[in-house]
Amino acid sequence: MTRVLGISGSLRRDSHNTNLLRAAAEAAGPDVEFLLYDGLKEIPPYDEDDDVHPRPASVSRLGSAIDAADAILFSTPEYNSSIPGQLKNALDWISRPVATNALRNKPVAVVGAVWAQAELRKVLAALGARVLDVELPVAQAHTRFDETGLTDEEIRGALADAIEALAAEVEARQGERTHAVA
Ligand SMILES: Cc1cc2nc3c(=O)[nH]c(=O)nc-3n(C[C@H](O)[C@H](O)[C@H](O)COP(=O)(O)O)c2cc1C
């Protein structure tokens with residue numbers, strides 16, 4: 001069973017990006033347990049003076065959720081040609097300590113708005129995450145959903161492919177580790 005954590009960069013209730021992750025959860029195969037992180041709004045602004053043990057509970061919860069996941073699927077909107085501040089802020093918390101941060105070597109994939117995906121990949125690479133070469137830009141997101149959820153079959157298939165790629169990466173890494181121990 002591969003555990004995938006979904007993290008949306010949007011806080012709003014009817015977020016297309018969060019809905020995309022909900023659709024990803026449904027599109028995932030039976031060997032994948034998909035959890036959606038919903039604590040982003042509780043993460044306080046990063047302050048190095050507060051970055052002491054114990055860390056703020058909301059930050060510890062995010063760190064534990066990332067630790068417990070084999071892989072992460074991000075979906076983010078674009079805010080002024082970059083990623084939303086609340087997502088960058090959470091990643092800034094997670095990035096410390098640099099050498100042992102929770103995302104280091106973690107397989108991650110990014111979907112969502114076109115330009116922000118590249119921005120988010122750049123930040124995740126800086127943290128040492130294993131960023132998969134998955135492209136899933138969703139244009140005109142509001143036309144892809146109705147009250148029942150995602151209506152675009154092509155996007156549903158691409159989401160399933162993205163999760164499969166994450167699961168394959170996790171499996172390959174487990175194989176590597178077993179090999180190293182043997
Ligand atoms: C503060 C702010 C800045 C935005 N900047 C951009 C932008 O630079 N480029 C763009 O294509 N859309 C921009 N948008 C539109 C959002 O990307 C769009 O509303 C997106 O659907 C929001 O994602 P969500 O549905 O997951 O909340 C911006 C929206 C907000 C609120």
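Residue numbers run from 1 in the order of the sequence given. Given the structure is predicted, the values throughout are model-derived calculations rather than measurements. Atoms within each ligand, like the ligands themselves, are counted from 1 in listed order.
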* Find all atoms of ligand 1 within a distance of less than 4.0 Å from any non-hydrogen atom belonging to N17, and give their numbers and elements. => 23 (O), 24 (P), 26 (O)
* To do: Please could you name the atoms of ligand 1 that R12 approaches to less than 4.0 Å, counting only its heavy atoms?
  => 24 (P), 25 (O), 27 (O)
* Asked: Heavy-atom contacts under 4.0 Å between S10 and ligand 1: side chain, backbone, both, or neither?
  -> side chain
* What part of H16, side chain from CB on, backbone N/CA/C/O, both or neither, has a heavy atom under 4.0 Å from ligand 1? -> both
* Evaluate the ring planes of H16 and H142, with Trp represented by its six-membered ring, and classify them as parallel (under 30°), tilted (30 to 60°) or perpendicular (over 60°). => tilted
* To do: Give a yes or no on whether V4 and L127 share a hydrophobic cluster (residues Ile, Leu, Val, Met, Phe, Trp, Tyr; joining criterion: side-chain heavy atoms under 4.5 Å apart).
  => no
* For atom 13 (C) of ligand 1, the option (of Q140, E78, H142) bearing the nearest heavy atom -> E78
* Asked: Nearest to atom 23 (O) of ligand 1 by heavy atom, P77, G9, S8: which?
  -> P77
* Please state whether A141 comes within less than 4.0 angstrom of ligand 1, counting heavy atoms only. => no
* **CD/E171: more than 12 non-hydrogen atoms of other groups inside 6.0 Å** => no
* **D38 atom CG, neighbour heavy-atom count above 12 within 6.0 Å** => no
* Asked: Below 4.5 Å, heavy atoms only, C-beta onward: do V111 and V138 meet side chain to side chain?
  -> no
* Distance only, no hydrogens: is a donor on one side chain within 3.5 Å (strictly under) of an acceptor on the other, for T148 and D146? -> yes
* Taking atom types as modelled and ignoring hydrogens, do the side chains of R144 and Q140 form a donor-acceptor contact shorter than 3.5 angstrom? -> no
Closest protein heavy atom to [atom], given as residue, atom name and distance to 0.1 Å:
{"atom": "atom 26 (O) of ligand 1", "answer": "S15 OG, 2.5 Å"}
{"atom": "atom 2 (C) of ligand 1", "answer": "Y79 CD1, 3.7 Å"}
{"atom": "atom 5 (N) of ligand 1", "answer": "N80 N, 2.7 Å"}

* **Heteroatom distance test (S81, ligand 1): nitrogen or oxygen, under 3.5 angstrom** => yes
* Given salt bridge (Lys or Arg N to Asp or Glu O under 4.0 Å), test K88 with D92 step by step and report yes or no. => CA-CA 6 Å; K88 178 63 166 53; D92 289 339; 2.9 Å; yes
* Would you verify that at least one protein heavy atom lies under 4.0 Å from atom 18 (C) of ligand 1, or report that none does? => no
